[in-house]
Amino acid sequence: MLAETIRERIANLQEPLFSFTYDGKPSSSFLAQWQVTPGKETREAGKILRRYTFASPDHALAVTLELTEFPGSPVLEWLLRFRNNGKEKAPLLENVQALDVAVPQVGTGAPSVLHSFGCTDTGIGGVEWGTGIGNYSLQTDMLQVGSTLHIANKWGGKTVFSIPFFNVRAGEGGLIGAVGWPGQYLITITRPTASAVLVKAGMDQTRIALNPGEEIRTPLILVLPWEGDLYDAHNTLRRHILHHHMPHLNGEPAVVPISHGGWGGMKTATALRLVEQIARDGIGYENFWMDAGWYGADREVDEFQVFDEEDWFLHAGNWRVNRVPHPQGLSPISEAAHAKGMKYLLWFEIERAVVGTPLTLEHPEWFIGEAATDWIGHKSRPYVRFRLFNFGNPDARRWMTDLISQRITELKIDIFRQDCNFSLPEFWRAADTPSRQGLSEIRYVEGILEFWDELLGRHPGLMLDITQRGDLETISRGMDLTRSDYPIWPEADPMGNQAATMGLAHWRPHFGTWFQTRPGDTYYFRSAFCPGVAFSTFNGSGTRDQVGRFTPPDFPFEWARTMVRQLKKARPYYYGDYYPLTACSLDRTQWAGYQMHRPDLKEGMVLMLRRSESSFVTGVFPLRGLNPDAEYEISDED
């Protein structure tokens, strides 16, 4: 069997899992001669961790493979650690590929790669912020002999153009893979001959001469060899992500909440009135969300968001409460939300600091680089300079951890939302010397993972909402309540949310979305159905003629309550198996539909959406995962 063969070879180190260049020589030319020492085996939480250390002949360089197996599952995971145990600076370590494996061709048919766009798309919506109707849509690339496919994260923070998940289909089987690295990863898939496909993954750039005693780590790698049914393989991945790479609360997978989204500049009195109205009209929100605009110097601010006019960007880095809209701070709002049975979410963008904010003046050594931009800047001040807060600096990281921990406690935050609206690699590159390329990024990634882990350790029950950063390490710690910004634009097409759910569901079971409320539009609302949804029934945002208006008396409250009830009824099924019933396309003449199935509950659901230009009024769609000898009770929500 293909899957068993690949898994056995990898687990027994019979073929290279990884590769690198050391002192100008490829590891394939010398690694077989290095001494390999098995380390202590660790068993916990349904997994087995094995360590293998490869030592150079002079014992100066040690490469430790940390390999995790999951009994009863074909999934394997690993990362590498490189350490200089010598007394001198080591020769250059370059082109480190944490994943370097071959996927043999079995059977007929040209190999192909399934993958998904990121929070925008490169083929339809361009690269501008907020664009991308094809966000997260599933892509299929055929691999011709001699061809190469790159899946990369050029932004280094948000997974803007792609997510680090892929499935190499080679005949009747293949290899599903994923990368954990909230930095600049690069996945390279080539077909050098007709009989094999090569897959490599790692950081986009490494060229480091390690100092004595210095150690670095690589991205986390996940592989799932498979053969047989394509969607059985993808559902094996989804189950694995659910159990091993999804935040848990009280031993259970954390549920993505249904949120009311609001602007942080909204005055305390207005927010308290809104909390009361939410409770009185009983829509069913589980989380009261305050986004950007609540922080910075004391000043008058717009109470509601107006795209391209708000001043949130100008005060990033100054994480004190603006006492003009919030004279008593934010705790009166969080306490009111808690009293009405809701969680409280607060927005931050801690990786950015505008030059001139207090911390940039007090500790300039805690920042990297400097850039200028007018991206979503205030209309009266189009350009602003900002710096990258360096999570790779231990003193800086400890300070930020203490600050955010303090804010979580004093403001009674249940969900810490971390946004990141700029590209990071140019800052890291500028901080590196020629023989230390990649080191700033490594230390930064190590630091931000430690930051998240420390917050979760200090605050049991805290949820992290880490926006649009869809790598394996990040989704293990936080949820993404807004997988893309596209749906909140007033002109957003509901097909964008349809494509995002159908594409992203191939890879993982937990994510959320948001959208502008369109009263009474059931098709629009159901297009956004997924594990968690954020929307504003009671006040709009986006353009000047929308904002600041509470719901008119004729708003269809019963319709909104019905939509939320249906979403809550459907939500448990999103954590089960996923079967697309139509293509993940943006064709207006077609339908969009999928089945979610919970074999453990012996239940499931089907959601079908008939698009505006479809000429089809009926359709037949075979379902999956059912017991042919059982009787099922069927209900139609309409």
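- For Ile475 against Pro247, the heavy-atom pair with the smallest separation is O-CD, 3.3 Å.
- Put simply, CZ on Phe529 and OG1 on Thr513 are 12.5 Å apart, with the number rounded to the nearest 0.5 Å.
- The existence of a salt bridge linking Glu66 and Arg81 is confirmed by a sub-4.0 Å separation between a basic side-chain nitrogen and an acidic carboxylate oxygen.
- In the model, Ser116 has a side-chain atom that pairs as donor or acceptor with a side-chain atom of Trp507 under 3.5 Å.
- Donor-acceptor pairing under 3.5 Å is lacking for the side chains of Asn153 and Thr159.
- Pairing each heavy atom of Pro225 with each of Pro74, the nearest pair is CD-O, 3.5 Å.
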Exercise for review: Check the pair Tyr574, His510 against ring pair (Phe, Tyr, Trp, His ring centres under 6.0 Å), reporting the backbone distance first and the verdict last.
Suggested key: CA-CA 8 Å; Tyr574 284 97; His510 66 305; over 10 Å; no

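- The closest donor-acceptor contact from the side chain of Arg191 to the backbone of Pro111 lies at 3.5 Å or more, if one exists at all.
- Atom NZ of Lys568 is surrounded by more than 12 heavy atoms from other residues, nucleotides or ligands within 6.0 Å.
- Seen from the ring of Phe511, Arg483 does not count as a face-on cation partner, given the 6.0 Å and 45° thresholds.
- Ion pair Arg443/Glu446 flagged as a salt bridge, since at least one NZ, NE, NH1 or NH2 atom sits closer than 4.0 Å to an Asp/Glu carboxylate oxygen.
- If you take CG on Leu224 and NE2 on His240, they are separated by 8.5 Å, rounding to the nearest 0.5 Å.
- A distance of 6.0 Å or more separates the ring centres of Phe616 and Trp591.
- With hydrogens and angles left out, the side-chain atoms of Gln498 and Ser527 include a donor and acceptor closer than 3.5 Å.
- Between Glu441 and Trp181, the side chains place a donor N or O and an acceptor N or O closer than 3.5 Å (distance only, hydrogens not considered).
- At a threshold of 4.0 Å, the pair Asp204-Lys154 does not count as salt-bridged, since none of the basic side-chain nitrogens sits closer than that to a carboxylate oxygen.
- Side-chain N/O atoms of Arg417 and Thr482 include a donor and acceptor closer than 3.5 Å.
- Inspection of the Gln418 and Trp452 side chains reveals an N or O donor paired with an N or O acceptor under 3.5 Å.
- Atom CD1 of residue Ile466 and atom CE of residue Met479 lie 10.0 Å apart, to the nearest 0.5 angstrom.
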Practice item. Walk me through it: do Tyr444 and Phe427 pass the test ring pair (Phe, Tyr, Trp, His ring centres under 6.0 Å)? Key: CA-CA 11 Å; Tyr444 190 96; Phe427 292 89; 9.6 Å; no

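- In summary, Arg624 and Asp232 engage in a salt bridge, as defined by a charged side-chain N under 4.0 Å from a carboxylate O.
- Classified by interplanar angle (parallel below 30°, tilted 30° to 60°, perpendicular above 60°), the ring pair Tyr578/Tyr594 is tilted.
- In summary, of the residues considered (Arg477, Glu77, Glu473, Arg508), a side chain to side chain donor-acceptor pair (under 3.5 Å) with His245 occurs for Glu77 alone.
- In the model, Thr148 has no side-chain atom that pairs as donor or acceptor with a side-chain atom of Thr190 under 3.5 Å.
- Taking both residues in full, the closest heavy atoms of Asp485 and Ile488 are given as O-CG1, 3.1 Å, listed atom of the first, atom of the second, then distance.
- Of the options Leu504, Leu472, Leu114, Leu222, a side chain to side chain contact (heavy atoms under 4.5 Å, CB included) to Phe165 is made by Leu472 and by none of the others.
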Exercise for review: Carefully, step by step, assess Phe54 and Phe18 under the rule ring pair (Phe, Tyr, Trp, His ring centres under 6.0 Å).
Suggested key: CA-CA 12 Å; Phe54 299 75; Phe18 57 88; 5.6 Å; yes

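- The aromatic rings of Tyr579 and His597 sit tilted, their planes meeting at an angle between 30° and 60°.
- Using a 4.0 Å cut-off between charged side-chain N and carboxylate O, Arg469 and Asp480 make no salt bridge.
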